[in-house]
Each structure stands twice: as structure tokens, then as C-alpha cells.
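FYI, side chains are in, hydrogens and waters are out, and symmetry mates aren't considered; it's all heavy atoms of this structure. In what follows, every chain begins at residue 1, and chains take the letters A, B, ... in the order their sequences are listed.
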Amino acid sequence: MGNNNELSLMDKVISLSKQRGFVFQSSEIYGGLKSAYDYGPLGVELKRNLMNEWWRSMVHEREDVTGIDASIIMHSKVWQASGHLAGFSDPLVDCLISKERFRADKAPRPQPGDELPITCTDKGQAKDYQAAILKRFNIELRRKGKILEGLKAIDDNSFGFFDKDSDSAKETFSYSGYVSPTFGSPFLSDERQFNLMFRSQIGPVDVLGEITSYVEKNQEKDGKEIRKGIEDIVKKSAVYLRPETAQAMFVQFLNCQQSMSMKIPFGIAQMGKSFRNEVTVEHFIFRSCEFEQMEMEYFVEPGTQKDWLEYWRDKRMEWWQSFANNPDKFRYRSHEKDELAHYADACYDIEYEYPWGFDELEGVASRTDYDLKKHAEHSGAKLSFFDQQKQDPETGKNGWRYTPFVIEPAAGATRGLLVYLLDAYHEETVPDAEGNESSRVVMKLHPRLAPMKAAVLPLVKKEGLPEIAREIVSDFFKAGINTRYDEQHSIGKRYRRHDEAGTPYCITVDGQTKEDGTVTIRDRDTMHQERISKDQALQVVRNRLMES
RNA sequence: GCGAAAGUAGCUCAGCUGGUAGAGCAUAACGUUGCCAACGUUAGGGUCGUCGGUUCGAAUCCGAUCUUUCGCUCCA
């Protein structure tokens, strides 16, 4: 049962994470907090190294990408424009076919006997929806241009699928008496109160006081009215923690573009925490309410988005694989038409084969011009780009003003950390002091990701060896290389401990060091030792880190 | 959100049908050894997830609650 082994890999990684100090549960001494994790002494280093590598490859090594670090709390209008904040008191409904989300109380209500045509934006979309409905509900609607026909409302609670000119329904479905406003689709999810974002309040005034006096004064009103009144009070000071880092790049599009004189195509990158009240949290740090993202919005000329999507998909895939022991465990998967978000025209997920199967690690989405247009509309700002070199395709005149399309590689930093912990975990059989078989656990983290780059170990803690070792450590400290001095326990034990921590190089000071100034450097993965001059130790480690 | 299982030392776990907790590893000190999980001696560490109930007496039985894992559901 491969599955059993896979599950225990997860257990082993979780256990090692705690024992060695990669990941702890949040607030553990108080019983733990649901889905919140703390990154321990090694975890914080690993996470930072991973994120710094991302930043290096996305921002520092590119002329066409610039970075920002926006505040986690943003104006609530940002979330209105983006569609995240559709209204936290209004029941929302999703169209199962078009993914459109709307307010149930604003939806059109057909009369019994009315035809229920599904009106698409074009013929291609009609074909896609026709196929999606067939797949999901097993009925084939008749397509007439961009309209899908065959559905009729029976009463307020049900509708049916009718053959042409037939009065008896072939299939009946229950529904809530309304259809989606844009497409007219009756295939809808249940009504839900949506509050995926973490709401908080800005300003020191206690809103509860205002609410209390409002309720006292309005006791005769019914529940719905009171809720509305409370909402109005809350809304005045409500702010939301960002559910994704992306929106800041759209909101600061102009500032970034102008201050850095960026020309299309260019990107804005950001790393940081995001917060979502997830319905389900699962798989250790894979899905949690507080998580860390590494996102970049790459703005391109309309029409070129497909090429750029593929470019970034490949670029990002290459990056993930470059740090992995098992590059084969990564793959990408194109989103089906019916799983695309409403704003996207294409999307690839970069997936990793976790112990529970392939699952998302990064999404590379073609977000069209949806976000910039929405923010332009809501804010009144002119979120467009003027290219003097290009001709306007409509007028043929020189100079073209357009709203850029966006390609978004959005990676989960905390997911990446999990991926590399899983990828690094190895159990090996190696000979012990007597030449017998013994096992070792080694975290084969990429040297540039490893929390500690080197450990300096005196063979014994006397005869002047600790002093020499400490001199070497201090050279490493000055060079900014995270290094640890370690004299506890036998040398073999120290090697094994650093294997588990993923430290790539162990430098050992022994008796010979005093005679000829040489030390040994041990490679974590091969366990091979080489004798080098102690004065060169720093340079050797540096070179190996650069080459890795 | 629903269903199932679990929670005992830092970790992995034992503790049968109720009689106030143990092992291995880990940690600390000393001695000996000195290149791949050494040995000896000693020490520290647990109000058995939390709260409540039954009982002379609860890790053990009952209830609630929190957390974790798995499966379904959900996931802009």
C-alpha cells in the first residue's frame, strides 16, 4: 500500500518539523488554534530563504519587474471593486455553470411557465456551457446562436427540461425561483452568507457601544431591519485583512509604473501574508487561514497574453524544479473552462504530488483586463498605459492607449515550504562506526534553502579545539552566512543532528588542525569528507553555495 | 458544515476489567572515549488536552468543549 507509506511520510515530516524546530502549532500551550502555525528557529530561516530566492529570481534578476510591500489592511472599496466584498449580509449564490456570483434578492424571478433561456456572450461560450451542463446534469440543451434553450419554469420551486414543442418535462430540477442575472442560468448553488474575509475595525471607537444603543432604541423592529442597522454602523469603520496580495499591485499600478518609468510588458511583485476564513483547513500548513503568498502581476499588451501565460508557466515550473530532489513530482494542469474564475480566460496550476495526491502549489492565471478595469471604474483613476510607439488598432493613428492584460503567477510560500520539506525528507541506510548498517534521516534541502549553511564542530571540547572552531565561526558570522557552533555530544551524533536540520556542510576541527591548520569539510548528502585549510573554509562554503 | 478516530514526558508510545503514572529515544551535569546516532553514573521533566459529572477513589466510566488526523462537503 503505497498510500500508507505516503501518509506516514507526512507524519514523519510533521514530527520532524516539530522536533527540529521547523513548524510548531500556534498557541500550543493553550490547546492550539485551529489552522494557525508558527515557524520555528529552522522554519523561519527556510521560509525566508525560499522567499528571498523567489524575490531574487522575480525582481532582482529582472529589468522588467519591480517590487512593492503594501499594507495588509486596505480601503474597503478595494474589495468592493475586486468583487471580494459583495456584501457580507446579503446571501450570495454562485452559478454552477458560469461561476457568476450574485445577490439572491436582486436576481430575476421568472413566472411559472416562462422559458428559461441561457444567454451567453458568444457562440463559443454557448458551446462550452452546453457541454458543461451536459456533463454535470446530463441534459443537452438546444443551442441557437449564443442562446441555450429547452428549460422552462414549472412553478416557484422547480424547472424542467423539455423537448422541442413538448409539454411534459424530460427532467425536472428543484430551484429557488430565480436565475442568474447575466446569463439566466437556473443551475445555482445554495444561498450562503459569505464572509470569507477577516473583518476588523479601524479607529479606537468601540463599535459595540453604538450597536448596543441602536438595538435598545430599535427593539420594535424585526430581525432583518436590525441586522441592516447594525451593518451600517459596522460598515463605517470596517476594514478587511487582504485575502490575496494581488489587489495592491492593481491599485498601485500607476504609482509603480510612473515612479520607475516602466514600459509594458512589466510586472509588480509582492510577497506577504494573506488571510482567508477557509471553509475547510487541511493537510498541516497546506491550507490555513493565515498564509503567505508570493505574487506577481505582469502587465502585457492585449492579444499577447497567451504567449506570456506560457512563458511564465514554464519559468515558474523551472524555478520550483531547480530546488527539488525530485523534479518529476511537479506538473502543470490547465484549468477546464468550467473551473476558470469569472475574470480569467486561461489558467495553469503548477501542482506537486503531495502524500495525498497532486494538488495546487502555484496558479498562473491570465486575468485579462478585468482587475484594472474594475478599479478604474470604481476609483475613477485612469488605469491604462499609453504606448507612443504603437498604432491604435482602431483608428490607425500613432499612439495607443489601452488597459493592459495581466498574467499572474501566484505562488503559496507556505505551500512551497511544505513541498520542500516533503521533497527533502530521506531515510538512508549507512554504515556506523563498526561498519554495521544503521539508518539516518537527512533533510536534503537545497543548500541555498537550508536554514543553516554550515556547522563548525570541534572534535572534542578541549585541547584548544573549541577556540579554533569559534574563530572559524566568527569568520562565517562576519560574512553573513548562517552558521552554528556545536560541541554537544559525540561527533557522530552532531553529524546526524545536522543531517536532520538539513545543514549542507559540517566543518570539523581536530587534532591535526593544530599541527597544519587544516579542517575537514563533510558533505551532508554524500557524507564525504575533504581536508581543506581552515582559512579557506569560508571561501569553499561560499563557492559551493554559489555553484549549487 | 457532516461522519469517524485520536489527544498520557520534548518525540514515539505502553498503562488489561476504575486504586493518584512508565519505557525507549531526547535534554542537563560529571567521568571516560575521540570522525558518522559510544559507554557509565546522576539529574530534571507529566495536575494524563480542557471543563464538568458519577464514585470512598478517574488517565481509565459519562457529558460538554478545544485541537489534530482521515473521509465527505466546500473552496473568487
| query | Looking at A/S490, does any N or O in its side chain come under 4.0 Å of the phosphate oxygens OP1/OP2 on B/A38? | reply | yes
| What's the CD-P distance between A/E427 and B/U12, to the nearest Å? | 14 Å
| query | How far does the P atom of B/C66 sit from the matching atom of B/A29, given to the nearest Å? | reply | 43 Å
| To the side chain of A/H283, which of B/C35, B/G34, B/G71 is closest? | B/G71
| query | Looking only at atom P, what distance separates B/C48 and B/G34, rounded to whole Å? | reply | 47 Å
| request: Starting from C1' on B/C25, measure out to CZ on A/R496 and report it in whole angstrom. | output: 15 Å
| said: Does B/U67 have its OP1 or OP2 closer than 4.0 Å to a side-chain nitrogen or oxygen of A/Q25? | reply: no
| Roughly how far apart, to the nearest Å, are B/C61 and B/C16 at atom P? | 9 Å
| Does A/R522 make a cation-pi contact with A/Y495, if we ask for NZ or CZ under 6.0 Å from the ring centre and within 45° of the axis? | yes
| task | May I ask you to evaluate whether A/K461 reaches the phosphate of B/G34, defined as a side-chain N or O under 4.0 Å from OP1 or OP2? | result | no
| request: Answer yes or no: does a side-chain N or O of A/R276 lie under 4.0 Å from OP1 or OP2 of B/C74? | output: no
| task | Verify the contact: side-chain N or O of A/K18 to OP1 or OP2 of B/G10, cut-off strictly under 4.0 Å; return yes or no. | result | no
| request: Report yes if at least one side-chain N or O of A/H489 is closer than 4.0 Å to OP1 or OP2 of B/A26; otherwise report no. | output: no
| request: Taking atom P in both B/U8 and B/C51, compute the distance separating them and give it to the nearest angstrom. | output: 16 Å
| remark: Closest heavy-atom pair, A/T518 versus A/D516, reported as atoms and distance to 0.1 Å, is OG1-OD1, 2.7 Å
